[in-house]
Amino acid sequence: MRGRADGLLAKVESALTEASAPGGPMWPEDLLALDDRQAFPSDAAEFLDEIGAPGFYVDRGNGVLDELFDLTSFLRLLARRDLTVAVGHAKTFLGAVCVWLAGHADQRERLAADILNGAIVSWGLTERGHGGDLLACSVRAEPSGDDWSLTGEKWLINNATRGHLICVLARTRAEGGPRGFSLFLFDKRKADPRTWTTLPRVPTHGIRGADISGIAFAASRLGPEALIGAPGAGLETTLKALQLTRTMCCGLSLGALEHALALGSAYAGRRVLYGKRLAEVPNIRQALGRCVATLHVAEAVAFAVARLAATATSEMAVASAVAKALIPELCQEAISAIGEILGLRGFLSADEPYRAFQKLDRDHRIVAIFDGGTAVCRSQLIEHFPLLAKTTTDTAGGGSLLAIQGRSAEVTSLSLLSRRCSLVARLDADCERIERQAAAGEIAEWIPASALAARESLRVTRARMAELSWGPHKVPQEAFDVARDFELCFAAAAVCHLWRHGGQGPGSGEALWASGRWLGGALSVIENKLPHRPRAGAARGDAYGSLADCLLAQPDGRVPSLFGSSVRSP
Amino acid sequence: MNTAADLRRLAQLEHAFGDPFESGNPFGFDRVLEADEAEEMFGPGEEKLAEFGLNAEFVPSSLGGRLDRLEDLVEIMRAVYRRDPSLGLGYGVSSFIAGVNIWAAGSAEQQQLAADLLASGRRIAVAYHELAHGNDMGGTQCRAELAAGRFTLNGRKEVVTNLERSEAFVLFARTAARPGARSHAQLLIDKASLDSGRFCYLPRFRTMGMRGVQLGGVEFRDCPAPESSLMGRQGYGLETALRSFQITRTTLASMFCGILDTGLRTALRHVTGRRLYGGPAIGMPHVRSVIAGAYADLLAADCFASVATRALHALPGETAIYAQAVKFFVSKILIDAMNDLSEVLGAHFYVRDGETAIFQKLLRDVQPAGFGHAARAACQVALLSQLPLLARRGWTERSTVPDEVFVAGSALPALSFADLAITAAGREGLSGALTSGLAVPSAGRLRRDVAEIAEYFASDHRALAASCRDLDIASLGISAPPPAYDLVNRYVRILVASACFETWRRTRAVNSTTFTADQRWLAAVLHRLRADACNRPKSLPPELADFLVQEAADRITQRRGLAFAAPMYL
């Protein structure tokens, strides 16, 4: 089961490796210095243009539904080296995605050509004062003959200053509402420069070199060709586009955690305290192993959700919200745990071999915020409670939700409301297989209990979803906690489904797949947080310690990934 | 509450500094942030603290200073931390740590020298740290060899606050090559006595947080130092340090509470002024829950640290335990609460300018709470090795803890450095105080949740004793099996639950009208402690969340601090 662009990803990876050598455009020393100076990594961006990275941002036919995981993986390759580069370059996909979903053929072709020529595209959604509340958006576009006139200010926009084009969400009905907004592709190169201005760069906690700024329009004129999709469809298109971007930006978390693990592993392998190497201290091994297992959970979820875009397209509202809420949170937790191992060494910002840590820790915290923060995603999930409570089990088991076969998915299948969640519906059947494997001695005997804890938790969680009710604007905190429980069950389902349907092909990390090594670790991470844990504290082998061994056995900078070299799909 | 003189000094200090949020204030956050951006100490703040005579707070009154009660010192230092943690650490704390060691082990002449230096506004640094050994002070390599009536210094000290701009420093050095605890000494070195050709300063160490703090290093090359610089007996340096650390670990962790106080105020101000989804953000139950949770965490941290601080006066034979527990618990809960708060700030926690800009600085500055001046993990291991003895001795003997340990502002015995025991020899009464307190009939009507959770921790104490009694001490060093580390987590939660329960119960017996006597804060803290024990979401019941949000909002309106002492800001 290989991704379509595996070959391309491998080429990118080797180019990145070369570019990371001293003096190269991705040399880590330079990237850290740029962060210090708050300068954009222009050489790195130029290099990415040269190796054809923009090709990843261009739709190859179906709104990129089939290739979403390529994007996730590409983003991860950048992110594990430098999040500023990843965020600063891949933004072009976010700027373009609404055109891939809703633009007409002409617009799509033009934009594709532009991007392949190196055009930078930005996405203007947020405004000062109301962040993720898109219905409060106040930039307005008024018809003026055949044209439109755009007025207002977009703020905290990635690449608003560097970008050549910007996809803008604007109010087209004074009263707003779900059909009151439209999308426009604003081309700075064509617009009258007196009618727009970029806003000063906003200094940020992490990704200090990124261009986080804004743009103000004053009756900027847009031709009719600037409108993306139907008038009034802007919010709907945006929300559908977010389903895809929230999925692919999991790659940022995967890359950041991978980078942190590489640093933590190198440190533990060298550091001697109280006469022992940290790598030999059982509690440190346990902590590192748990972080590896967390990476595997995140990989499984990121992969499953990206594939669901093609195999269960209409369910992406739920799946993408789950991924975007859970993955940055789990990964940050693991990054912080590695930070605790590094201690002062992860806090020093100069003349220190592990100083990349303090940057990635600051950088990664942005991931939980953008494209809809954790609370926004959980709110979206909460809206689905009545439907999710009713989702029935797929007793037949069904085929793989992870394999893309034959016919391409259609963007018209994307929906703002997921009627069901097929992935969690498979949990029963996947658990049964895990039980059979344990009975046959193919995997450790304690593993099924962890999977069953997730199955039982899912039942409990659905029951709570059905019970909860509340008044307008008063979603109780309890609902957020139930949403998180569902995310954990979803993660367990992704892990079990991937275990069942992945892993046989070449390129998968064989040592991890042998006898359920990664499966046990991943399920343990999840189980430890579940609402239903029948055997809390029961022995479960040395799942984490064995993953730590995998980590510490890797050559420097490598991290055991479910995807083998971490550039291929399982 | 604190003494009247302390309150006057605190009011004087806050008055001199003015409202930190006011943009024109020369001592406000805008200026603090400018210094942080420049990686410099906040100059006007330092001048103001010199004018205030902050150093006198570190000098015992017997030597002409103002240090009588450690809780008063903590309260003053929290005011500094609330404004600028770099100022707290970089102006004050290193001289305080040096001072404590000098008061504990220095000769009369050395104490007078130190007192005079501090009285005249000079600094004394603490040169303990070596990058190669971190918390493993026994591994110290920097040597001080005594021959022919003088010491000869060789080796390096690294990442030492104010090393270059101090007049003197306390040096921790190896005096004998043999490994073990009796091979070190502390020297008080007056820089004027050193030959400037025999030592050199290392370049400044730069850090992600506390950026203004001047972290330096020194390298000695056959550098002579007078024999009279020895503090205490040669070979006893580690013991002196371990006794002094009981004071500094406890009080420093407590000072960090000032960071969360400002973090909470910043977050609450933000969500009060912000409108989202058609209403004020503070009206959303999720936002309220996060704010209230962080507030409960501040109260737990404050309560536990304050109990341990008063115990330094009243129970110096037991604080070898409490100091480790405070460092372990308080640092983590403060860091976690700041992380939680960042969620309700959304993108505003990530932005380095505007009204919430101080938050990202605090988020960076709080990190050293976890590893500075002893890492959490080192404290955890130290506690771990104590568990069997505690289970066999202290937890069965049930010593009583006097009221003054729980009731703020009670008369306390004078601080006695000589009475601080290097080991508690398995005796501490705090963890058992919960069980005794629950048994007192006058405990009165407990809320049902309080009774239930308190009983949960009391019963876990019994279970813990059973698990620890027969542990093999030899297996409990740094290489202990990971499940053993969990025993420490359980133990520390019991200590905190006990400190909070008894603080509420015994304060109420004295004055039932105070906030401390209100059972709801206790209920909130206990809810979160138990959720933490179960690794489940720590959300509070809405009634408790409402209570804490209202309390926080009222205190902000009244310009009072958020912790128990609730000092007036102006």
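Protein chains get the first letters and strands the later ones, always in sequence-line order, with residue 1 at the start of each.
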(request) Mark yes or no for whether B:R536, through its side chain, and A:K529, through its backbone, hold a donor-acceptor pair below 3.5 Å. (result) yes
**Request:** Apply side-chain contact (heavy atoms from CB on, under 4.5 Å) to A:R355 and B:R206, showing your working.
**Result:** CA-CA 10 Å; A:R355 73 187 193 280; B:R206 296 175 55 210; over 6 Å; no
If you look at every heavy atom in [X] and [Y], which pair is closest and at what distance?
{"X": "A:F347", "Y": "B:G209", "value": "CZ-N, 3.2 Å"}
{"X": "A:A375", "Y": "B:E343", "value": "CB-OE2, 3.3 Å"}
{"X": "A:R271", "Y": "B:H133", "value": "NH2-C, 3.7 Å"}
{"X": "A:D481", "Y": "B:S539", "value": "OD2-OG, 2.5 Å"}
{"X": "B:D353", "Y": "A:P203", "value": "OD2-CD, 3.5 Å"}
{"X": "B:I478", "Y": "A:K276", "value": "CG2-CD, 4.4 Å"}

Under a 4.5 Å cut-off applied to non-hydrogen side-chain atoms, are [X] and [Y] in contact?
{"X": "B:H129", "Y": "A:L344", "result": "yes"}
{"X": "A:Q477", "Y": "B:P542", "result": "no"}
{"X": "B:R211", "Y": "A:S349", "result": "no"}
{"X": "B:P482", "Y": "A:P282", "result": "yes"}

Given the options [options], which has more heavy-atom pairs under 4.5 Å with chain B than any of the others?
{"options": "A:D361, A:T374, A:L135, A:N528", "value": "A:N528"}
{"options": "A:G373, A:G129, A:S379", "value": "A:G129"}
{"options": "A:D485, A:L342, A:D351", "value": "A:D485"}
{"options": "A:A350, A:G343, A:G346", "value": "A:G343"}

Pick one of side chain, backbone, both or neither for [X], based on which atoms fall under 4.5 Å of a heavy atom in chain A.
{"X": "B:N135", "value": "both"}
{"X": "B:L363", "value": "side chain"}
{"X": "B:A484", "value": "neither"}
{"X": "B:H286", "value": "both"}
{"X": "B:V159", "value": "side chain"}

Non-hydrogen atoms of chain B under 4.5 Å away: do they reach the side chain of [X], the backbone, both or neither?
{"X": "A:A368", "result": "neither"}
{"X": "A:E329", "result": "neither"}
{"X": "A:R378", "result": "neither"}
{"X": "A:A136", "result": "neither"}
{"X": "A:D36", "result": "side chain"}
{"X": "A:L156", "result": "side chain"}
{"X": "A:Y274", "result": "both"}
{"X": "A:Q358", "result": "both"}
{"X": "A:V202", "result": "side chain"}

Kindly compute the distance separating [atom1] ([X]) from [atom2] ([Y]), expressed to the nearest 0.5 Å.
{"X": "B:M208", "Y": "A:K359", "atom1": "CE", "atom2": "NZ", "value": "12.5 Å"}
{"X": "A:E333", "Y": "B:D336", "atom1": "CD", "atom2": "CG", "value": "9.0 Å"}
{"X": "B:N535", "Y": "A:L530", "atom1": "CG", "atom2": "CG", "value": "10.0 Å"}
{"X": "B:R376", "Y": "A:E340", "atom1": "CZ", "atom2": "CD", "value": "4.5 Å"}
{"X": "B:F349", "Y": "A:I366", "atom1": "CZ", "atom2": "CD1", "value": "7.5 Å"}
{"X": "A:T204", "Y": "B:R352", "atom1": "OG1", "atom2": "CZ", "value": "6.0 Å"}

Tell me, out of [options], who's got the most heavy-atom pairs with chain A below 4.5 Å.
{"options": "B:G354, B:A357, B:C534", "answer": "B:C534"}
{"options": "B:M284, B:R364, B:M210, B:H348", "answer": "B:R364"}
{"options": "B:G477, B:P483, B:P368, B:P481", "answer": "B:P368"}
{"options": "B:G273, B:A545, B:A347, B:G372", "answer": "B:A347"}

Compute whether any side-chain donor of one residue and acceptor of the other, for B:Q360 and A:R365, lie under 3.5 angstrom apart. no
Go through it in stages, so that I can follow the logic: the residues are B:V381 and A:N283, the test is side-chain contact (heavy atoms from CB on, under 4.5 Å), and I'd like the CA-CA distance, side-chain angles, deciding distance and then a yes or no.
CA-CA 10 Å; B:V381 175; A:N283 205 44; over 6 Å; no
Below 30° counts as parallel, above 60° as perpendicular, anything between as tilted: where do the rings of B:Y350 and A:H205 land? perpendicular
Counting only heavy atoms not in B:K332, do more than 12 fall under 6.0 Å of its NZ? no
